[in-house]
2 protein chains.
Amino acid sequence: MVLSRTSQYAVQALIYIATQTPGEPVLNRDIADRLNVPAAYLAKILQNLCKQGVLASFRGRLGGFCLRDGMHRTNLMQILLLTEGPDFTKSCILGLKECSDATACPMHFKWIPVKKKILGLLNEMNLEELAKAVQTGKYRLADLPTAALAG
Amino acid sequence: MVLSRTSQYAVQALIYIATQTPGEPVLNRDIADRLNVPAAYLAKILQNLCKQGVLASFRGRLGGFCLRDGMHRTNLMQILLLTEGPDFTKSCILGLKECSDATACPMHFKWIPVKKKILGLLNEMNLEELAKAVQTGKYRLADLPTAALAG
DNA sequence: CTATAATCAGACAAAAAACTCCCTTTGGAG
DNA sequence: CTCCAAAGGGAGTTTTTTGTCTGATTATAG
């Protein structure tokens, strides 16, 4: 309804990494198992997040992915601008390329306040808080945690 | 960000039809020209809306599409349930299949109120109102109205 | 009856999104 | 130094969405 699968995987993975000990690289395979998400596809997404400066990666034994310094406080909006593209916030609900107060679609003035709620929410939620919520054990990051069944 | 292209075309087309004289069939080609949308694709969408009971269609000369009786008051939610599928309202922002108050993702309790705003908006806007807004001339249904250039 | 103009129907094509495979590069452990 | 396990990278495949084409059906006008 709002996010592409790629963005959903990215956010899930980042929250999961944020729940792990900082500085200790997390394996792509472990994340994929935990989130029950295709590993090879997730790897591409993590690689991209590396290039964008959100994650650091380490190769070879003891390799894996870490959040870069300060990125615990990254909010979801910042991440989604990377995964959905820079026009993410600019979209008209009817799909018009040009839709502003001056050139409005018939839904514009009703939609804008709702959109502001969405963007506000995405701006106020950061990885650290979400990770802490998960760590309480009250919230789920994935549907059927296959890793949890095995361990 | 929220709606598929198919849904956007469907809503645009229905609003446009609602602006036209009731009972006088509107041509697919005219709608497509006006909205600057692929005609053959739009035809499929309109056919589907016929099967779903929103539109009536007439073949042959003087043919075209009309809103069925009472459908002027159809709200956007009802239309989107047809074009996006019955799970449209049920989606979790992180993509979890199972995400309720009992089995919540870490965004759930913050997301639900925002989602309610979205669904509330879609529920309160109907074709008649949107058509009237367009008829004032203050709002646009399409990006570059090619038909307006010709006429 | 015939020509014409509209929708209907189904197969097809192209583009985008989601996902996979294979091989290379890297770096730690033995 | 060698082996192995990790990420890196590029091409390829599958699936979904979007869009096209062709011919059949229907109904009106002349």
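Letters go in sequence order (proteins before strands), and every chain restarts at 1.
- Remark: of the listed residues Ile17(A), Val37(A), Leu141(A), Ile17(A) is the sole one forming a side chain to side chain contact (heavy atoms under 4.5 Å, CB included) with Ile31(A).
- Atom pair Ile31(B):CD1 and dT7(C):C1' shows a separation of 12 Å (rounding to whole Å applied).
- Between dG27(C), dA18(C), dT7(C), one nucleotide has an atom nearer to the side chain of Thr6(A) than all others, and that is dA18(C).
- Mapping heavy-atom proximity under 4.0 Å, the span of DNA chain D touched by chain A runs 5' to 3' from dC4(D) to dG10(D).
- Closest to the side chain of Arg59(A), from the set dA9(C), dC19(C), dT26(C), is dT26(C).
- Leu42(A) has its CG atom 12 Å from the C1' atom of dC19(C), to the nearest Å.
- For Asp87(B), the salt bridge (Lys or Arg N to Asp or Glu O under 4.0 Å) partners two or more places apart in sequence, or in a different chain, are Lys90(B).
- Note on Leu46(B): nothing from the nucleic acid sits closer than 4.0 angstrom, heavy atoms only.
- Spacing between atom OH of Tyr9(A) and atom C1' of dA17(C) amounts to 11 Å, rounded to whole angstrom units.
- Residues Thr103(B) and Tyr139(A) have side chains not in contact (no heavy-atom distance under 4.5 Å, counting atoms from C-beta outward).
- Note: CG (Asn48(A)) to P (dA17(C)) measures 14 Å, nearest angstrom.
- Cluster membership for Leu130(A) and Leu82(A), using ILVMFWY side-chain heavy atoms within less than 4.5 angstrom, is shared.
- Within the 4.5 Å cutoff, the side chain of Leu127(A) has heavy atoms near those of the Ile79(A) side chain.
- One interatomic measurement links the two molecules: CZ of Arg61(A) to P of dG30(C), which rounds to 7 Å at whole-angstrom precision.
- Between the C1' atom of dG28(C) and the CZ atom of Phe58(A) lies a distance of 14 Å, rounded to the nearest Å.
- Across the protein-nucleic acid pair, Asn28(A) atom CG and dC19(C) atom P stand 14 Å apart, rounded to whole Å.
- The distance between atom NZ of Lys44(A) and atom P of dC22(C), rounded to the nearest whole Å, is 13 Å.
- For Glu84(A), the side chain to side chain donor-acceptor pair (under 3.5 Å) partners two or more places apart in sequence, or in a different chain, are Ser4(A), Ser7(A).
- Along DNA chain C, the nucleotide nearest to Arg29(B) and the one nearest to Ser7(A) differ in position, and the one closer to the 5' end is contacted by Arg29(B).
- The side chain of Ser57(B) contributes an N or O atom lying less than 4.0 Å from OP1 or OP2 of dC8(C).
- Using a 4.0 Å cut-off between charged nitrogen and carboxylate oxygen, Glu98(B) and Arg140(A) do not count as a salt-bridge pair.
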